[in-house]
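Structure first, commentary second.
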Amino acid sequence: MTSQPERSAQPPRRAVLGTALGGAAAAALPGTAHAGEPLSSQGAAPRPWKLRDTMTTDGAWAGFLRAQDLLWTRLPTLWHEGPFLGDGQLGSMIYQEPGANRIRFTVQHGRVQDHRPEFGSGWGTCRLPVGHLTLEPAGTITAVDWRLSLWNAELTGTVTTTAGTLTLAALVHDEVLAVRCTADGGERADWTFHPEEAVSPRKISEAPPSGYTANPPWTTRTTSDGTEQVLQPLTGGGRTATAHRRTGHDLLLSVGHSHPSDTAAEADSLRNLRRAKSYSALRQRHTSWWHAFYRKSFVSFPDQRLQSFHWIQLYKVASASRSGGPVMATSGPWLEPTPWPAVWWNLNVQLEYWLIHGFNHPELDSLATTLRQNQEQLIANVPAAYRADSSGIGRSSDMFANRGVGTPGSGAETGDLTWALHNVWLSYRHSMDKSLLRDTIYPVLRRAINYYLHFLAPGSDGKLHLPSTLSPEYPVVPPQDTNYDLALIRWGCRTLIDSAELLGIDDESKPRWQEVLVKLTPYPVDDNGFMIGADTPYAQSHRHYSHLLMVYPLYLVNWDQPENRDLITRSVVHWHELTGAHRGYSYTGAASMYAMTGDGDTAITYLRKFFDPTTRYPCRANTHYTEAGPVIETPLSASQSLHDMFCQSWGGVIRVFPAVPTAWADLTLHDFRTQGAFLVSAVRKAGATRFIRVKSLAGEPLQLRHGLTGHLTAVLEDGTAARTRDLGDGTLAIDLPRGREVLVHSGSRPDLSIAPVAVSEPGPAWGLP
């Protein structure tokens, strides 16, 4: 076994957080100004500029998103074939009632869970099913014609039967499922709500644990205004209440859940219905929210099937998550039979949230709020002997992060909280919201790293070593120095040092963090690249890429370090040589790693494996994904792989169009959010970048790897020349104050239009068209 050199594993400190431009200016590229000089012509009269955004009207957005909609001309028979609705808490999937001439609208809620931690996250604090509605027509269903409108976040269409036609519209907003159904001919719209047993969906794979008792049966009641309620008490305390009311053609349903209160759930569900009033009133608020939501960013590229998929993922994550709501479980707010009715912290939760940043939707980050709100629970998760200064979380938990973590030396999985904090750090870097750094990242990361520090010990080589821990979810536990944990320790210590400086904190632990960075053992490496850990090669197929976190998403070992390129390549190639255990996210992870190398053609080749129906676990008809049960993270991570092809901002450098596949000659980005809190707009035509506009939201230093050739011009929005420095390697440092915008282009000023690109690769709609 050999080891990864320590020097190349740690980029310069300022490159990690991107808080300074860094590096001496290199010699100017041909056609550019020298370091420190503006790029545009001195003495010329300023020429103000402004982007011409063609996506400013409801009509433009409605037309563009209509082309991305999901369509059905066949009745879906499975959950991963049907339409799906949600508002970050309440969710519904629509498909045929199994074995019956009915249409099922599932009713599930992200906050509905059991409250008996003594039985673990699979049974004691698991997500619990609520129930489902059925629409039972008079005649036999012969056809459907449905559209899931992304623009309106609404299902509309018809159901044709032997007796007539039903016309449907459905949406979810403010924790209310609203359906409008009208009947023609001899048809009628009969609705029934079916409560489901409040038992773990894990029952499909195993028996309940010893001592487990079933939750009590539900009861029903009717209020004075005709609202029906189903009340589900829980053995561990609390209650779920489902209220539904039908008025004319409208059916409104809401779910409340409370713990430990037995009455708050009832009040919540009734209040939600009163606030909704009617389908029309709720729809007005609903469409206003979604229309404003989409306008925050725009992306268009010429592959119709993937472009549609990409926009559906934005719709999906906004249906599944909102800041302040429950952290996404493996299935999001939608719950079907599954062995995973909880939150999984060793890959799933991390992959779920990456795409929100580039899409410019920080308001969807329920992970950051979950960690902020449950810091006491994170402390309680570590053994009592370490609670004075440590925090952690086990592999799976409920929405309150309730799950104990094992100790290094026992082969336990110990790094999951630190990896989750990297997600919160990404939220900080994309917003530069110092309160997020101060109130969540710094205190929780400090405790997560402290937990590691209790177990690091010097070896005979003078290096610090970590006793046995698990690399999720490799079946062999290294005797020590698991790469998953070594990467997270390095990232955590470096981030704590930088964060303390940014926050003005003179932390007594800083010398210890510095010592760890100097003395921590190098990453275990062999001829095939990164190993799982000490004396533990990557020798059998591994669906996770936990042994490669230093490459992606931490970028501690990256393509900007020429001495590490061969190591990165060998590692990724060998990971994908052993394929038996690979799953969908194995392909999305490889796509993002190849995007880091600038190889867009290989990146898209790996990404397309996720959409290949001949693979064991491909993307499903409605863009959801399933293994032994629903798992929401993989399609969402596929959108992040696309983002990694379009724009990257790790290491303090914004890279525009770094890995666009050769076949995609045209591409438009608008208000793509990057680290440093910049909004990037860029247009690529005929295989070349035409212009880049960057707006600074926080006044952070800007380093732009632009991909332009020839004489460069960089001007602020008022037409005055921007001050720039050429850093070499096609990277430009630009002085850009907060609130200002800079336009960078080569040659004469190009057309500054933001518009959809023409489709060159047609493809069918998602759904069952």
Side-chain angles (χ1 to χ4, degrees), residues 85 87 89-94 97-116 126-137 170 172-181 188-201 203 213-279 282 333-337 341:
L85 307 167
D87 67 352
Q89 300 201 77
L90 182 65
S92 181
M93 287 189 161
I94 300 95
E97 180 78 358
N101 184 53
R102 302 171 187 165
I103 297 172
R104 170 183 287 202
F105 285 69
T106 67
V107 176
Q108 309 295 353
H109 197 289
R111 292 190 184 277
V112 175
Q113 67 162 74
D114 218 329
H115 300 276
R116 293 180 279 176
C126 62
R127 290 273 309 278
L128 290 174
V130 176
H132 61 274
L133 288 163
T134 54
L135 173 61
E136 185 171 354
V172 173
H173 191 75
D174 285 348
E175 298 188 70
V176 173
L177 169 61
V179 186
R180 173 168 286 174
C181 185
R188 65 176 186 269
D190 289 343
W191 290 97
T192 304
F193 178 69
H194 307 267
E196 294 174 8
E197 183 185 9
V199 64
S200 173
K203 69 179 182 178
T213 57
N215 283 307
W218 66 79
T219 61
T220 61
R221 75 184 188 105
T222 303
T223 66
S224 58
D225 66 352
T227 299
E228 296 183 19
Q229 272 194 314
V230 176
L231 307 177
Q232 174 62 67
L234 300 175
T235 300
R239 177 177 292 190
T240 302
T242 305
H244 56 97
R245 181 180 69 243
R246 186 173 178 184
T247 305
H249 299 305
D250 295 355
L251 185 145
L252 303 178
L253 179 147
S254 184
V255 177
H257 182 80
S258 58
H259 180 268
S261 170
D262 288 332
T263 59
E266 297 177 40
D268 288 348
S269 63
L270 293 173
R271 183 181 63 251
N272 291 340
L273 288 192
R274 288 195 299 269
R275 189 172 57 205
K277 295 184 180 179
S278 68
Y279 189 95
L282 189 66
W334 308 284
L335 193 62
E336 296 284 336

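In what follows, residues are counted from 1 in the order of the sequence shown. Bear in mind the structure is a predicted one, so any value in this text is a computation, not a measurement.
In terms of heavy atoms, P201 sits closest to P337 at CB-CA, 4.3 Å. Across all non-hydrogen atoms, the minimal contact from D114 to L128 is N-CD1, 3.5 Å. For S261 against A264, the heavy-atom pair with the smallest separation is OG-N, 3.0 Å. Across every non-hydrogen atom of A170 and Y279, the tightest pair is N-OH, 3.2 Å. When all heavy atoms are compared, the tightest approach of T235 to P216 is OG1-CD, 3.5 Å. Minimum interatomic distance between N272 and V255 (heavy atoms only, all atoms of both residues): ND2-O, 4.3 Å.
With contacts defined as side-chain heavy-atom distances shorter than 4.5 Å, the pair V179/F105 qualifies. Side-chain contact between H194 and R104: absent, with no pair of heavy atoms (C-beta onward) separated by less than 4.5 Å. In this structure, T240 and V230 have side chains that are not in contact, with every pair of non-hydrogen atoms separated by 4.5 Å or more. Between M93 and L85 there is no side-chain heavy-atom pair separated by less than 4.5 Å. A 4.5 Å side-chain heavy-atom check between L177 and L252 finds every atom pair outside the cut-off. Contact check for E228 versus F193: no side-chain heavy atoms found under the 4.5 Å cut-off. Residues R245 and D225 are in side-chain contact: their nearest non-hydrogen atoms beyond the backbone lie under 4.5 Å apart. Residues E175 and D87 have side chains in contact (heavy-atom distance under 4.5 Å, counting atoms from C-beta outward).
Residue T192 holds its OG1 atom at 9.0 Å from NE2 of H244, rounded to the nearest 0.5 Å. Residue E97 holds its CD atom at 6.0 Å from OG1 of T134, rounded to the nearest 0.5 Å. Note: E196 CD to W218 CH2 = 8.5 Å, rounded to the nearest 0.5 Å. Rounding to the nearest 0.5 Å gives a distance of 11.0 Å between CG of L273 and CG of D268.
At distances below 3.5 Å, at least one donor-acceptor pair connects side-chain atoms of R116 with backbone N or O atoms of T213. A donor-acceptor pair under 3.5 Å is absent between the side-chain atoms of S269 and the main chain of G256, judged by distance alone. In this structure a side-chain-to-backbone donor-acceptor pair under 3.5 Å is missing from D174 to V176.
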Residue pair L251, L133: steps toward the side-chain contact (heavy atoms from CB on, under 4.5 Å) verdict
CA-CA 10 Å; L251 185 145; L133 288 163; 3.7 Å; yes
Quick one, T227 with T222, criterion side-chain contact (heavy atoms from CB on, under 4.5 Å). Give me CA distance, side-chain angles, the key distance, then yes/no.
CA-CA 6 Å; T227 299; T222 303; over 6 Å; no
Chi angles and distances behind the side-chain contact (heavy atoms from CB on, under 4.5 Å) call for N215, Q232:
CA-CA 8 Å; N215 283 307; Q232 174 62 67; 4.1 Å; yes
Under the side-chain contact (heavy atoms from CB on, under 4.5 Å) rule, what do S92 and Q108 come out as? Steps first, then yes or no, please.
CA-CA 6 Å; S92 181; Q108 309 295 353; over 6 Å; no
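The residues E266 and R221 are annotated as salt-bridged, a charged nitrogen and a carboxylate oxygen being separated by less than 4.0 angstrom. Salt bridge absent: R239 and D262 never bring a charged side-chain N and a carboxylate O closer than 4.0 Å.
Checking Q113 against H257 by side-chain atom types alone, no donor-acceptor pair falls below 3.5 Å. Defined by atom type and a distance below 3.5 Å, a donor-acceptor pair is missing between the side-chain atoms of T242 and Q229.
In the displayed structure, H249 atom NE2 is contacted under 6.0 Å by at most 12 heavy atoms of other residues, nucleotides or ligands.
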